[in-house]
There are 2 protein chains.
Amino acid sequence: MQDHFVHVQCGDCPIRHRAVCARCETDELAQLEQIKYYRSFQAGQTIIWSGDRMEFVGSVVSGIASLTQTMEDGRRQMVGLLLPSDFVGRPGRSTAAFDVTATTDVVMCCFRKKPFETLIAETPHIAQRLLEMTLDELDAAREWMLLLGRKTAREKIASLISIIARREAALHKKKSSGQLSVDLPLTREEMADYLGLTLETVSRQISALKKDGVITLEGNRHVSIPDLDRLLEEAGDDTDGGMLV
Amino acid sequence: MQDHFVHVQCGDCPIRHRAVCARCETDELAQLEQIKYYRSFQAGQTIIWSGDRMEFVGSVVSGIASLTQTMEDGRRQMVGLLLPSDFVGRPGRSTAAFDVTATTDVVMCCFRKKPFETLIAETPHIAQRLLEMTLDELDAAREWMLLLGRKTAREKIASLISIIARREAALHKKKSSGQLSVDLPLTREEMADYLGLTLETVSRQISALKKDGVITLEGNRHVSIPDLDRLLEEAGDDTDGGMLV
DNA sequence: CCGTCACTTTGACGCAGATCAACCTTTGGA
DNA sequence: TCCAAAGGTTGATCTGCGTCAAAGTGACGG
C-alpha cells in the first residue's frame with residue numbers, strides 16, 4: 001500500500017512534503033497546488049495561539065517549530081517538535097489546542113483549511129497518508145511520555161540527543177559517516193521544556209555527559225557522538241537504535 | 001462531515017463501536033461483520049506483548065485495558081488507557097510497539113488485520129473516522145505530557161480523577177446528577193504508572209485531597225466530588241472543564 | 001472462623017532535581 | 001570599539017517525591 005504513494009515536491013519547496021502525498025498519476029496535485037500558499041515566520045514568532053481559529057493546515061518546509069502548552073503560572077511543556085516535512089493542524093477541528101511557535105525562522109507551506117478538508121473527503125489517499133503520519137506522531141508521543149514520566153535527567157538528555165540524531169539522519173537519509181554529529185536546534189531552555197526539566201539541570205547534565213566522554217561539544221550547540229551505542233545505553237532505551245543508522 | 005457517520009452497533013456488542021463507523025446505507029457493515037470476532041481476557045492478562053506480531057485490530061467492548069511501556073530495570077509508564085469503544089492496533093504496522101494489558105476483565109471486538117486494511121483502503125470513511133479518533137488520542141497524549149512533565153503529585157492526582165470523571169460522563173452521556181462520583185478503575189500502582197509517580201505518593205496525595213475536602217472516599221475505589229470546580233482548580237487545568245458536565 | 005494474599009496506608013529518611021544567585025561567553029548594534 | 005542583552009555555566013541550598021519499612025484492611029478459600 002505504502003508504495004502507491006509518492007512524496008510530492010510541490011512547486012519550489014526545497015523539501016518533499018510528507019503531508020501532500022498522492023498517487024503519482026492523479027490530478028490531486030493540481031488541486032493541492034491551487035489552495036497552497038507560503039508563509040514565513042521569524043524565530044520566536046508565534047504561528048498559532050492555543051484557542052485561535054485555525055485558518056489553515058500545512059507542513060513545515062524549513063526551520064523548526066514547536067508545539068507547547070503553558071499553565072497559568074507559567075510552567076511550560078513542549079508537546080511536539082516540528083521538523084521540516086512535519087504536518088501542522090488538524091482537519092475537522094476549528095480551534096487550535098496548543099501554541100505553535102517558530103523556534104528558528106520557519107517557512108510553512110499552507111493549505112486553506114476548508115478546501116483541504118474537502119479534498120480529504122474526496123481523496124482517500126490523503127486521509128490514509130495523514131492517518132499514517134498521525135499514528136507515527138502518536139507513537140512518538142508515547143515514547144516521549146515514558147521519557148517524561150520515568151527517566152532520570154541524564155537519561156532524558158541522552159534520549160533527546162539520540163532522538164534529534166535519529167530524525168536528522170532520517171531526514172538526510174545519510175548513513176552514519178564515521179563520527180556522528182548533530183546540531184542541537186534548541187536553546188537550553190527549550191530543551192528543558194521538551195524534557196520536563198529546568199534549564200540549569202539541562203546544562204549540568206550536558207556538562208556531565210561531556211565530562212564522562214559520552215558526547216563532545218563544539219560550541220554550545222554542536223554535539224559529536226563518539227559512541228552511539230554508549231549514548232543509547234545512557235538513554236535507557238530498550239527500543240534498539242537500529243532505525244538511527 | 002461528521003454527521004454523515006453513524007456509530008455501528010455490530011451484532012451483540014453492548015457498546016457502540018466508534019471504530020467501525022460507516023455511512024448508514026453502505027454494505028461496509030456487512031464486510032466488517034464478516035471479519036469480526038470476539039476475544040475475552042481476564043484481569044491482569046496480557047492482550048498483546050510489545051514486539052509481538054499484531055494479528056488483529058479491534059476495539060474494547062467492555063472492561064479496561066492499558067497500554068504500557070517498561071524499561072529493562074522495571075520502571076513502567078502507562079501510555080494509554082483504553083476504555084470501552086477505544087480502538088487498539090495500527091493498520092499498516094506489523095508489530096506492536098507497546099504492551100496491552102487487561103486491567104479488568106476485557107472483551108474485545110477484533111478484526112483480522114489484513115482484511116481490515118483492505119477495507120480501509122477501499123473505504124474512505126473508515127480511514128477518515130480512524131484519523132479523527134487518532135487525532136483525538138494524540139491531543140489526549142499531549143495533555144498527558146503536560147501532566148507528566150510539569151504537574152505536581154497533587155495536581156496529577158486531581159487531574160486523573162477529573163479525566164476519569166470526564167470520560168465516564170462522556171461514555172454514559174449523563175449530565176451531572178447532583179453529586180458527581182466516580183469509580184476508580186485502577187489500583188494505586190496502576191495510577192502511579194499512569195501518572196509517573198510511586199504508589200506511596202499516590203496514596204498520600206489521595207489522603208491529602210480527602211483531608212482537604214476536595215474529594216470524599218467510599219472504600220478505596222469510589223470517589224465523590226463535592227465541588228468539581230475546586231477539583232479542576234487543584235488539577236491546574238486551564239482548559240475549562242466545560243466538556244465534563 | 002481463621003489464615004493468606006493482594007492492596008493500601010502511614011512513617012522516617014535520603015536524594016535528584018528545583019530554586020536562587022553569581023558570573024561567564026557570545027553576538028549584534030550604535 | 002564598546003555596551004547591552006541573550007544565552008549558558010556553575011555553586012549553594014532547599015524540598016518534593018522516592019525509597020525502605022512496617023502495619024492496617026478487606027476478600028477469598030479452606
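Please read these numbers as outputs of a predicted model, since none were measured by experiment. When reading the values below, keep in mind they use all heavy atoms of this one structure, side chains included, and skip hydrogens, waters and symmetry mates.
- The nearest heavy atom of DNA chain C to A/Gln205 and to B/Leu217 marks one nucleotide each, and the one closer to the 5' end goes with B/Leu217.
- The residue B/Arg221 sits close only to the backbone: its heavy atoms come under 4.0 Å of sugar-phosphate atoms, none of a base.
- No side-chain donor-acceptor contact under 3.5 Å links A/Asp212 to the backbone of A/Leu209.
- Between B/Arg154 and B/Glu234 there is a salt bridge, since at least one side-chain N of the basic residue sits less than 4.0 Å from a carboxylate O of the acidic one.
- A donor atom on one side chain and an acceptor atom on the other are found under 3.5 Å apart for B/Ser224 and B/Glu218.
- Ring geometry for A/Tyr37 versus A/Phe56: interplanar angle over 60°, hence perpendicular rather than tilted (30 to 60°).
- Residues A/Pro185 and A/Thr103 share a closest heavy-atom pair of O-CG2, 3.7 Å.
- Computed from coordinates, the B/Lys211 NZ to C/dT10 P distance equals 11 Å when rounded to whole Å.
- Summary for the helix from C/dC1-D/dG30 to C/dA30-D/dT1: the axes at its two ends, each from 5 pairs, differ by 30° when rounded to the nearest 10 degrees.
- B/Thr216 and B/Lys210 share no side-chain donor-acceptor pair at under 3.5 Å.
- Bounding nucleotides for the chain A contact on DNA chain D, 5' to 3', at a heavy-atom distance below 4.0 Å, are D/dG8 to D/dA12.
- Among A/Gln69, A/Met191, A/Glu190, the one residue that satisfies the side chain to side chain contact (heavy atoms under 4.5 Å, CB included) test with A/Met78 is A/Glu190.
- For A/Ala165 against A/Ile225, the heavy-atom pair with the smallest separation is CB-CD1, 4.3 Å.
- Listed by residue number, B/Arg188, B/Leu199, B/Glu200, B/Ser203, B/Arg204 are the residues of residues 188-204 of chain B with a heavy-atom contact under 4.0 Å to DNA chain C.
- Enclosure of atom CZ in A/Arg76 is not indicated, since only 12 or fewer non-hydrogen atoms of other residues, nucleotides or ligands lie within 6.0 angstrom.
- Of the two residues contacting DNA chain D, namely A/Arg150 and A/Asn220, the nearest-nucleotide position lying further toward the 5' end is that of A/Asn220.
- Atoms CG and OG, from B/Asp193 and B/Ser66 in turn, are 8.0 Å apart once rounded to the nearest 0.5 Å.
- Atom P of nucleotide C/dA18 and atom CG of A/Asp73 are separated by 15 Å, given to the nearest angstrom.
- Expressed to the nearest 0.5 Å, how far CZ of B/Arg142 lies from CE of A/Met145 amounts to 12.5 Å.
- To the nearest angstrom, P of C/dT26 lies 14 Å from CD of A/Glu218.
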